[in-house]
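As structure tokens, the structure follows; a few thoughts come after it.
Small disclaimer: the values here were computed from a predicted structure and weren't measured. These values consider heavy atoms only, across backbone and side chains, with no hydrogens, waters or symmetry-generated copies.
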Amino acid sequence: MKPNMNKVQQGQTFLDMVLQLTGDFSEVIEASLLNDKSLSEDVAIGTEITVKMQATSMMSNRPATAIMGMQTNIPIERGGIGYMEIGKTFKVN
């Protein structure tokens with residue numbers, strides 16, 4: 001069964017979908033207006049994207065460039081001479 005190529009998959013951005021469907025980033029403004037989407041808007045998985053003309057040669061390519069999982073709970077320890085204060089964290093014995 002062939003997947004619906006107009007539906008957003010995990011990791012795909014709006015720009016990925018326009019490239020997948022048209023093969024050309026020059027179509028992105030028109031597609032943005034046609035779908036009432038911002039170029040930088042997060043697109044939910046399963047959202048159907050419509051373009052004016054599809055390029056059949058791109059149908060096997062499925063770009064996915066979304067940045068995911070960048071949030072971490074790892075504390076950042078600030079240290080070094082640039083963060084030291086005389087009498088508090090910088091001590092001379």
Within one Ile-Leu-Val-Met-Phe-Trp-Tyr cluster: L34 and V28, side-chain cutoff 4.5 Å: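 Per the 4.5 Å side-chain linkage, L34 and V28 are not co-clustered.
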For residues 26-36, pull every pair meeting salt bridge (Lys or Arg N to Asp or Glu O under 4.0 Å), keeping only residues two or more places apart or in separate chains.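 Sorted pair list: E30-K52.
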Check side-chain contact (heavy atoms from CB on, under 4.5 Å) between S26 and all other residues, then give those that pass, not counting sequence neighbours.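 Testing S26 for side-chain contact (heavy atoms from CB on, under 4.5 Å), a comparison that skips the adjacent residues, returns D24.
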Under the side-chain contact (heavy atoms from CB on, under 4.5 Å) rule, collect the residues that match up with T47, sequence neighbours excluded.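 So T47 forms a side-chain contact (heavy atoms from CB on, under 4.5 Å) with V8, K37, V43, A44, I49.
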If we ignore hydrogens and angles and just use 3.5 Å, is the side chain of E41 paired with the main-chain N or O of S38 as donor and acceptor?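 Checked: pair present.
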Of the non-hydrogen atoms in V51 and A31, which two are nearest, and what is the gap between them?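 The pair with the smallest heavy-atom distance is CG1-CB, 4.1 Å.
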Any chance you could measure L33, atom CG, to I29, atom CD1, to the nearest 0.5 Å?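 One finds 7.0 Å between CG of L33 and CD1 of I29.
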Nearest 0.5 Å please: distance from the CD atom of Q20 over to the CG atom of L15.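 One finds 12.5 Å between CD of Q20 and CG of L15.
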Report the residue from D16, T50, N6 that forms a side chain to side chain contact (heavy atoms under 4.5 Å, CB included) with L21.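 Testing L21 for a side chain to side chain contact (heavy atoms under 4.5 Å, CB included) against D16, T50, N6 leaves exactly one candidate, N6.
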Please examine the side chains of Q9 and M17, heavy atoms only from C-beta on, and report whether any two atoms are closer than 4.5 Å.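 Sidechains of Q9 and M17: no contact.
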